[in-house]
Amino acid sequence: MSTTTTSAAKPAGTSKMNSLQAVNAALHQAMAADDKVLVLGEDIADPEGGGVTGATAGLSTKFGGERVRSTPISEQAIIGAAIGAALAGYKPVAEIMLMNFTTVAMDMIFNHAAKLRFMSGGQTSVPITIRTLTGAGWQTAGQHADHLEGWYAHAAGIKVVAPSNPVDYKGLLLSCIDDPDPCIFIESAGSLFVPAEVPDDQGPIPLGKARIVQEGSDLTIVTWSSQTVRAQMALPALAEAGLSVELIDLRTISPWDRETVLASVRKTGRLLVAHEAVRDFGPGAEIAATVSEELFGVLKAPVRRLGAPKCPVPFAKVLEDAYIVQPDQMVAVAQALMG
Amino acid sequence: MSTTTTSAAKPAGTSKMNSLQAVNAALHQAMAADDKVLVLGEDIADPEGGGVTGATAGLSTKFGGERVRSTPISEQAIIGAAIGAALAGYKPVAEIMLMNFTTVAMDMIFNHAAKLRFMSGGQTSVPITIRTLTGAGWQTAGQHADHLEGWYAHAAGIKVVAPSNPVDYKGLLLSCIDDPDPCIFIESAGSLFVPAEVPDDQGPIPLGKARIVQEGSDLTIVTWSSQTVRAQMALPALAEAGLSVELIDLRTISPWDRETVLASVRKTGRLLVAHEAVRDFGPGAEIAATVSEELFGVLKAPVRRLGAPKCPVPFAKVLEDAYIVQPDQMVAVAQALMG
Amino acid sequence: MTQPSNAPQPDSAALTDIFRRMLRIERNDDAILSTIRKGRLQMPYYSARGQEVIPATISHFLTDEDQICTIYRGIQDMVAKDMPLKPLWAEIAGRVDGTCKGKGGPMHLTHPPTGVMVTTGVVGSSMPIANGLAWAAKLDGSRRVVIAYFGDGASNIGAFHESLNLASLWKLPVIFVCPNNGFAEHTRFENGTSVDRISKRAIGYGMPGFTVDGNDPWEMYAQVSTAIARARDGEGPTLLECTTFRFLGHVLGDDNKYMAEGELAAARERDPLPLFRQRLLDEGHVDEPTLAAMQEKIEAEVAEARDFGLASELPPVDEIRRDVFAQEMMA
Amino acid sequence: MTQPSNAPQPDSAALTDIFRRMLRIERNDDAILSTIRKGRLQMPYYSARGQEVIPATISHFLTDEDQICTIYRGIQDMVAKDMPLKPLWAEIAGRVDGTCKGKGGPMHLTHPPTGVMVTTGVVGSSMPIANGLAWAAKLDGSRRVVIAYFGDGASNIGAFHESLNLASLWKLPVIFVCPNNGFAEHTRFENGTSVDRISKRAIGYGMPGFTVDGNDPWEMYAQVSTAIARARDGEGPTLLECTTFRFLGHVLGDDNKYMAEGELAAARERDPLPLFRQRLLDEGHVDEPTLAAMQEKIEAEVAEARDFGLASELPPVDEIRRDVFAQEMMA
Ligand SMILES: Cc1ncc(C[n+]2csc(CCOP(=O)(O)OP(=O)(O)O)c2C)c(N)n1
Ligand SMILES: Cc1ncc(C[n+]2csc(CCOP(=O)(O)OP(=O)(O)O)c2C)c(N)n1
Ligand SMILES: [Mg+2]
Ligand SMILES: [Mg+2]
């Protein structure tokens, strides 16, 4: 069900890249493999620099300006165009620059993309992928860094994917594009520039399957996106503290891999869920509630959750650092969980 | 902290009204008491019939067309106008006809109304109230009935209120209007036409305080909005089954009344949370996760949650009925919880 | 507003076809009304009685390949496009043989075989999606066109603006058709819309825009044929504002109190259906027996569809787990 | 586009005041740039170098009572409006003495005492809120006006449309000011906007709309004074498109590769600041010593503000619990 990471030495047939480059590689691969794949969004074509981060660089030159289109600043029109093309058999990948701007297109995403298959009784489908970037750490302040995966996970009819490393960025993006239903693919500030070796022939990685980053027996930590990166930073300190931690990168938030998480906590008896999103009414609550219910009597300690305080993302670095769940907080809570 | 309901015989100085009428009464009272209170929204003035449900009837005639304004179908402009007027010292009550249409204005609500106080370092504030209606049961199908209180409860900087009966509709709406911060006030199909005696001098009821509908010792049920109405329908069957149920109407979802809920479950040892919203990643998860964590070792059974299946609201009556958590499901889960 | 001098004129066959579509809309509407009134259908019903000329004329130019995105008041648009009535009736009755297996209902009717791609209940939202369908038409190298229907009130929402801008920039084969019936729910046109003619907004998108008498099949014919030709020839979108009136108010049960004294009665006097019928006869485009036979056929079709719909089974409850995703939901 | 014949002309005092505001913007911008380059400020910086004439001319007509809603590129709009520089610097440095206690940063600077009500990072979102402030001005019976600044790219988003429609309907005292700098991030104006002049969109809202050379203080003066008078007199909103150029690209660090060969250099040759300065002197509106003294004073103010900002304390960590609501957050 879940794959375990292999070590970091460069294997044959791999290339070192960061997650942004992995996105670019996935898009190139998907567009080459299937001429129904389209890409649209603000500034994404090469005359506009191939995206402000360069994620879509080279695509319009290679696949032409009809399949790869820069758009006006019109998020409703972007998602609407993606939906319509999808209804007609295409597989559009729409970029919404930052996750906070998905709010401008929320009607299109929530009331339309996610519901048209159901409302049409299965006659139509909306196989679109919405790529969007978010996350604190770049001092972009209140309107540019929210993690809203909890909202989308609460919505029926859309899959929510939030990778943490280049291999998963590539493999999961390929799966999102292939998927017959809408997916929101969340790229995150804290994971975007972490490099890794990615197999040159890296293909799709199944949605809905978590990845066990490290096996352990004392405590399970569930994270995703940037927070997996931060949890990995905490691993040495956790080991030093004598804790055998099983770290699970959820990767797909909806539908989430209940089996892998439950199996792990059944083994360890303890769970910490840590995400960058606001803790209150956040996505971690679903995981905590499910595990608390399913493993009642098995848990050796209450499930703990770490997430952002309930405030907008602050600007000042010192406040932004306090906003984000840091590795040392995970270590502290993990130790507390051991009693 | 919480008030207990009194019996239903007509006391002196009360009037029988449904929740819609209670909204109307609250608006009249608030506008008369404070000339900074404004009302805006589609069709809300008297030339347009005082709102399609009549919730705002009489206001424009009484308080004038400058303070009570019908708007174009422009939800972003509606919330924007409310925010701006609020920044300048007014207390606007904006109506968004249905909760699904709040998605069209989500940027204004989430990125602006909820954040301006914080982002301005407390220099400005946005004391607006957003009234909106939702809920299944009227066969309005996929785009007219979603309960999105979980989204708003996850957002920092906005209070979320979801009353279940005319007294609370009136008292809580008055509090929302008075409140120095943005509030979303959720009116629900299942609670709108249930009549009750409302004290003529009913004033504000504090936000953030739950109401204990019925005291009990075996099991706590936490609900709000239409689901409180349905839970009340379940009470006779629960009593018949020999269960002493403590029914809590949460009323304010964010910030929610942890103290009252925790005190109740500390007493009963068992908790069922039932809401009309989709169960998965829904608002009930926060309550379940919190109670499971705080009362670990105290709980006699796992916390159970009931909510809608993860699908859009279906049209056919038979499906719509299956979508909504029904009283008999609550009874069944409650009995199961007793073991 | 002024027609091009070389505006194409409809021949008798075209006029008769347009009338047939109007009659099919009206007879079907009538059957829905009576079935609701008998208590045999429960649904919010947004009749478009009075607006028939608009979709009837447009659909005259469309094939099943051409697509529409319409709104809660769009049953007429589907019927005009010759969508089969049986699955329509089963759907509005919430039955398993409905187009959407009873899950969508009247506000979300969908029927891809006849090009009915989206019906939305959210004001303005037909337009952004129509663009995408039109983009696909272009990518496919096809000559198909897409119609986005929306109301006058919808012309004030952001999606309208974004959609017209994009369609113009990308020269999409889409026609934005606005039946301007003078009201958005209870709000008069001029109280919600800051311009006297919605068609003027086309200027802001470098797009042709026209206001047409939406109750006049000849005027409609001329403008629609031009717009469709433009779209099919890759010359881009057109905005058509078609003035009309809705005789049954916003939603069935509407008390029409927000209307001016006598306004509704005056509009009903100009009911396009009988007027057009009479003119067809007067000008010799068609004879009475033909129209009578047409009506009989349509009424039989409608009655059969109604009976079919009401006799269809209720959907099984586990339908709520299907079609959320391609793969059935767990649990 | 053509100026009314009785267009008000600026006198020497007005021109000098406009220049002073421009210089204050530019000197402050220069200080921000050098401080960032020295590594003493960390922030995403959206310089508006080259666009100074626009806010300088507008602000000449405003008092502290008048309000603005601006965008991430809006520091110039605040400086033009004589917002004090010390709390501005402390804010962009993320310090406790900042306007927003370091919580908002450069994209959310706010300063109600000088009428800086909202700075937004979401394209288009300054406009709906400006309407509300203008509605309040009307309700108050005051003559204050509200300026909504937004970019050319922002003219394609839904909020623009909804805002202009509402402002026109309600005759709000708001002026929609669009510095059209030819680019939205990396996208050329004509690739995102379907009309050659954004001002034409005003037609769709029954609103006056003008395209002005935003680098020409005389042209700007004439149009702005008319628009402000209209707004103050209760005659409603105006749309002003002001053509200009941003010399430093979208965000500091921009490689400008999406620009045409020589485009930036050509724009820089027409840098409005030295040109205006020279013309002021040539036409005898002001003399060199006055300008030198002005510059010295401004530079001292900027330097003092910078030092103040950088010396200010970091905000205490528990600031994240304050100002979420009026009442401090628990836990
Ligand atoms: C975004 C949104 N806001 C509000 C509504 C509620 N609503 C439904 S129909 C309607 C009026 C639409 O009027 P118009 O566009 O003129 O179309 P008509 O009903 O006249 O055909 C409104 C406000 C909605 N469905 N969607
Ligand atoms: C809704 C939204 N979409 C996208 C962005 C990302 N973005 C920031 S600035 C910008 C370009 C805006 O261009 P323009 O309106 O011309 O203003 P300028 O930057 O030229 O001053 C974009 C696309 C955003 N901030 N908000
Ligand atoms: Mg209408
Ligand atoms: Mg620009």
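Naming convention: chains lettered A, B, ... in sequence-line order (proteins, then strands); numbering from 1 in each chain.
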In terms of side-chain heavy atoms, does Asp43(A) have a donor or acceptor partner in Thr187(D) at a distance below 3.5 Å?
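Thr187(D) and Asp43(A) do have a side-chain donor-acceptor pair below 3.5 Å.
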
Contact class of Lys257(D) relative to chain A, heavy atoms under 4.5 angstrom:
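Looking at Lys257(D), nothing touches chain A.
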
Is Val122(D) in contact with chain A via its backbone, its side chain, both, or neither, using a 4.5 Å heavy-atom distance?
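Its backbone and side chain both get close to chain A.
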
Could you check which of [options] has the highest count of heavy-atom pairs closer than 4.5 Å to chain A?
options	result
Pro315(D), Ala93(D), Pro44(D)	Pro315(D)
Thr120(D), Ile92(D), Val324(D), Ile320(D)	Ile320(D)
Asp255(D), Asn156(D), Thr193(D)	Asn156(D)
Gly151(D), Cys100(D), Gly192(D)	Gly192(D)

Which of parallel (below 30°), tilted (30 to 60°) and perpendicular (above 60°) describes [X] and [Y]?
X	Y	result
Tyr205(D)	Phe160(D)	perpendicular
Trp138(A)	Phe193(A)	tilted
Tyr258(D)	His186(D)	parallel

Top contributor to chain D contacts, counting heavy-atom pairs under 4.5 Å, from Ser74(A), Ser70(A), Ala77(A)
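Sorted descending by pairs with chain D, the first entry is Ser74(A).
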
Picking from Gln143(A), Glu320(A), Gln76(A), which has the most non-hydrogen pairs under 4.5 angstrom with chain D?
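The residue among Gln143(A), Glu320(A), Gln76(A) with the greatest pair count is Gln143(A).
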
Taking all heavy atoms of Ser199(D) and all of Leu239(D), pick out the closest pair and write down the distance.
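Minimum heavy-atom contact is CA-CD2, 3.9 Å.
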
Measure across Ala105(A) and Ile79(A) and return the closest heavy-atom pair with its distance rounded to 0.1 Å.
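Smallest interatomic distance, heavy atoms only, reads CB-CG1, 3.8 Å.
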
